[in-house]
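Worksheet: one structure, shown below.
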Number of protein chains: 2
Amino acid sequence: MATGRTHRPATRSRGIPEATVARLPLYLRALTALSERSVPTVSSEELAAAAGVNSAKLRKDFSYLGSYGTRGVGYDVEYLVYQISRELGLTQDWPVVIVGIGNLGAALANYGGFASRGFRVAALIDADPAMAGKPVAGIPVQHTDELEKIIDDNGVSIGVIATPAGAAQQVCDRLVAAGVTSILNFAPTVLSVPDGVDVRKVDLSIELQILAFHEQRKAGEEAASEADAVPLAAKEAGKGPDGDVPAVMPA
Amino acid sequence: MATGRTHRPATRSRGIPEATVARLPLYLRALTALSERSVPTVSSEELAAAAGVNSAKLRKDFSYLGSYGTRGVGYDVEYLVYQISRELGLTQDWPVVIVGIGNLGAALANYGGFASRGFRVAALIDADPAMAGKPVAGIPVQHTDELEKIIDDNGVSIGVIATPAGAAQQVCDRLVAAGVTSILNFAPTVLSVPDGVDVRKVDLSIELQILAFHEQRKAGEEAASEADAVPLAAKEAGKGPDGDVPAVMPA
DNA sequence: CCTTGTGAATCCTTTCACAGCG
DNA sequence: CGCTGTGAAAGGATTCACAAGG
């Protein structure tokens with residue numbers, strides 16, 4: 001969805017479509033579950049159901065990786081787990097730093113899904129001096145002043161931004177300057193980065209707004225009121241209780 | 001991305017493309033910022049830059065909503081804010097419940113972006129009896145036993161699941177049975193829901209995995225032609241060539 | 001037989017480029 | 001003029017449906 005702006009036309013090697021890449025982690029998770037239950041093989045139909053997609057799509061996706069299945073039988077679970085992991089770059093482990101240790105940052109630090117998938121939280125960084133030294137998820141928080149040194153010492157190329165919106169671009173710039181080339185942004189802001197740097201964003205309130213759109217549709221399903229003229233009374237001014245708790249701020 | 005499976009072919013009224021719907025919140029945020037700075041009008045070019053998209057796309061998106069701009073001038077900020085809010089269903093407010101008040105649930109409860117956008121956290125629900133009554137973000141946590149009553153009393157139609165993966169489907173089923181028709185799922189599981197219920201998921205580790213994929217590509221970039229301009233300071237965090245190959249190989 | 005792998009058809013999204021209008 | 005609104009072209013992604021192969 002939101003990778004860095006116009007990078008090169010298409011990575012030449014074996015261009016795997018972006019939509020397929022986005023689904024590989026899904027397949028990987030379903031396969032891992034099967035693997036844990038010692039299921040030896042799985043058909044595209046079964047795996048697709050477990051991953052919540054349809055089987056034709058899954059087969060097409062796998063066809064970009066190569067021919068890893070056996071006709072009449074299905075896919076070898078262990079082998080596929082390995083191939084997808086390798087394709088995603090998860091056979092090595094990636095040190096990541098999390099910047100902004102509010103509620104959300106702490107949640108991320110504690111999130112088991114990172115560690116179990118080849119990601120290692122190398123450091124937690126926060127601008128609040130009072131946080132410095134305090135352990136979160138067993139890792140001591142370090143002050144922002146150390147950012148460049150931390151990136152450099154740990155060879156970090158992936159950074160997670162969980163600061164308030166106002167601080168995000170600044171943090172981003174420092175991360176990039178220090179050598180980070182992939183950023184996962186939880187702050188509700190558009191980050192601008194130089195070419196070659198990938199940014200993905202997760203925006204909590206946007207997801208809810210999309211749901212609200214569909215919810216509204218459902219509500220007005222029968223007796224479709226075409227009657228809404230245009231009150232224009234945009235009294236919907238930016239409301240009050242904004243500046244409270246940290247984590248992430250609204251726009 | 002992940003709305004409920006195949007519901008009706010397309011909402012007949014004025015079918016706004018899904019891709020457009022997903023961008024409306026982005027525009028809304030940029031417009032709100034302009035509104036706060038009392039900017040009266042904005043061109044598609046400027047607004048597109050602020051939202052991080054290109055201007056042709058933005059104009060096409062707006063064209064699905066109607067003709068709200070003025071040629072030679074641009075768009076009236078206040079008016080657009082209102083139109084988009086209305087289209088997204090944000091002129092009413094939506095009571096939501098958050099189930100699973102761990103680190104992530106607490107972060108969500110504290111997240112200002114919800115309240116400021118027409119969403120009201122009606123209740124926090126957790127299965128741990130020890131949490132019951134404890135206030136988080138000023139709202140007392142209630143026990144799961146109360147779930148159905150809470151949904152009913154508050155007329156909640158949107159639920160947020162922030163429980164561990166193992167509990168998610170069960171919670172989902174109860175929410176749906178109680179009348180919730182839109183679910184935002186943070187648990188790393190595929191939820192199955194009946195037709196007519198929308199599910200969107202936010203998966204923290206999937207985003208990182210996608211970044212890792214691209215990061216890996218960048219690392220293998222040099223050695224080939226085009227000396228990319230990107231310093232690529234990544235320090236080669238140890239790591240032999242190809243991790244260990246797992247036991248099973250293909251037939 | 002059964003299930004994969006894949007051309008071809010279809011559908012959706014983005015981009016182009018310019019006519020049309022304030 | 002400048003900027004919107006939009007047909008038309010281009011590019012992706014998804015689905016179909018079936019030949020190929022164990």
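Close to D:dT15, at under 4.0 Å from its OP1 or OP2, lies a side-chain N or O of A:Asn54. Between D:dT4 and B:Ser44, a contact under 4.0 Å exists linking OP1 or OP2 to a side-chain N or O.
The distance between the ring centers of B:Tyr111 and B:Phe114 falls below 6.0 angstrom.
Between A:Ile16 atom CD1 and D:dT14 atom C1' there is a gap of 18 Å when expressed in whole angstrom units. With rounding to whole Å, B:Arg23 atom CZ is found 9 Å from C:dT13 atom P. Atom CD of B:Glu18 and atom P of C:dT13 are 8 Å apart (whole Å). Atoms CG (B:Asp61) and P (C:dT15) sit 11 Å apart, rounded to a whole Å. Atom CG in B:Leu58 sits roughly 14 Å away from atom P in D:dC3 (whole-Å rounding). The distance between atom CD of A:Glu46 and atom P of C:dC2, rounded to the nearest whole Å, is 14 Å. Whole-Å rounding puts the B:Phe62 CZ to C:dT14 P distance at 14 Å. One atom, CD of A:Glu45, and another, P of C:dT3, lie 9 Å apart when rounded to the nearest Å.
Under a 4.0 Å N-O distance rule, the pair A:Glu45/A:Arg59 does not qualify as a salt bridge.
Of the N and O atoms on the side chains of A:Glu78 and A:Ser35, at least one donor lies less than 3.5 Å from an acceptor on the other residue.
The ring-ring contact (aromatic ring centres under 6.0 Å, His included) search around B:Phe62 returns B:Tyr27, B:Tyr75, not counting sequence neighbours. Legend: residues meeting side chain to side chain contact (heavy atoms under 4.5 Å, CB included) with B:Ala48, ordered by chain and number and at least two apart, are B:Val53, B:Ser55, B:Leu58.
Contacts of A:Tyr75 with the nucleic acid, taken as non-hydrogen atoms under 4.0 Å apart, involve only primed sugar atoms and P, OP1 or OP2.
The local environment of CD in A:Gln170 is sparse, with at most 12 non-hydrogen atoms from other residues, nucleotides or ligands closer than 6.0 Å.
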Close N/O contacts between protein and nucleotides 17-19 of chain D (under 3.5 Å):
none

